[in-house]
Amino acid sequence: MEATARAGELDTAREMVDEFAAGMEGRQAPAGRAALGWSRALLAEADGAFPEAVEYFRRARTCYQALPRPYEAALAAEAAGRCAQAGSPATTAGISELTASAEELEALGATWDAARVRAELRAHPGAERRPPGRPRYGERLSPREQEVAELAGAGLSNREIAATLHLSPRTVEHHVARALKKLGVYRHDLALTDRNGKRVSMSPVSRATRSPIPRFPK
């Protein structure tokens with residue numbers, strides 16, 4: 001249904017959602033209810049009804065949190081924040097939900113997803129801007145170097161990292177080089193190194209983030 005809606009075939013997508021909703025009548029299926037809310041939110045977003053989409057995404061998030069399915073809940077928070085910002089581009093609407101989404105995805109080890117949400121936050125018109133001047137990090141990784149290093153450690157190429165963070169490949173190359181020098185490791189060691197250069201183990205969720213393809217609830 002999501003692919004159908006994003007392809008602009010909204011009438012077909014609505015028929016699919018209506019059929020899904022009819023099949024849910026009288027059933028105790030929490031996961032199905034969450035997916036139905038997500039589907040209705042996508043339709044509202046495609047129609048440009050952003051306040052309605054925000055509410056549907058928030059309800060879906062609550063359902064996913066109760067299951068619990070934290071990854072889908074974090075994606076719902078991202079979607080709610082995205083729609084809130086689209087509905088009120090000149091305000092700080094959506095920042096809290098995007099921030100919560102990024103933090104939850106990072107806690108899950110979903111590196112690529114967290115980086116995508118962080119990029120949305122930086123592009124938000126209402127986001128706070130860093131004061132002029134370059135902060136000094138010494139031998140510590142800067143937040144950007146850490147972000148790039150995590151994506152490189154997850155297996156992304158410089159071009160994939162550049163596309164994710166909206167940077168040029170050359171800028172990514174410089175960040176990777178500085179991170180490797182500060183940590184004293186090779187690129188293939190980044191997945192097993194924290195920002196202080198200590199060896200760590202990679203969680204199963206972190207391994208799953210090696211693919212740069214975002215995952216969405218079915």
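As the structure is a prediction and not an experimental result, all values here were calculated from the model. Throughout, residue positions are numbered sequentially from 1 according to the sequence presented.
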So, using side chain to side chain contact (heavy atoms under 4.5 Å, CB included) as the criterion, who are the partners of [X] when residues are at least two apart?
X: Pro51; value: none
X: Glu52; value: Ala44, Ala49, Tyr56
X: Thr99; value: Ile95, Glu103, Leu121
X: Val54; value: Arg58, Cys83, Ala84

Can you name the residues that form a side-chain hydrogen bond (donor to acceptor under 3.5 Å, both in side chains) with [X], not counting sequence neighbours?
X: Ser168; value: Thr171
X: Asp11; value: Arg14
X: Gln65; value: none
X: Ser96; value: none

Check for a donor-acceptor pair, side chain of Ser101 on one end and backbone N or O of Glu97 on the other, with a separation under 3.5 Å. no
Treating Arg118 as the side-chain partner and Leu165 as the backbone partner, does any N or O pair qualify as donor plus acceptor under 3.5 Å? no
Salt bridge (Lys or Arg N to Asp or Glu O under 4.0 Å) with Arg40: which residues, sequence neighbours excluded? none
For Glu147, what residues pass the salt bridge (Lys or Arg N to Asp or Glu O under 4.0 Å) criterion, not counting sequence neighbours? Arg122, Arg144
Summary of salt bridge (charged side-chain N to carboxylate O under 4.0 Å, His left out) pairs that have at least one residue in residues 165-176, sequence neighbours excluded: none
Please table the atom pairs, donor to acceptor, closer than 3.5 Å between any side-chain atom in residues 25-32 and protein atoms at least two apart or in another chain.
from, atom 1, to, atom 2, distance (Å)
Arg27, NE, Gly23, O, 2.6

Nearest heavy-atom neighbours spanning Thr4 and Met16: OG1-SD, 3.9 Å
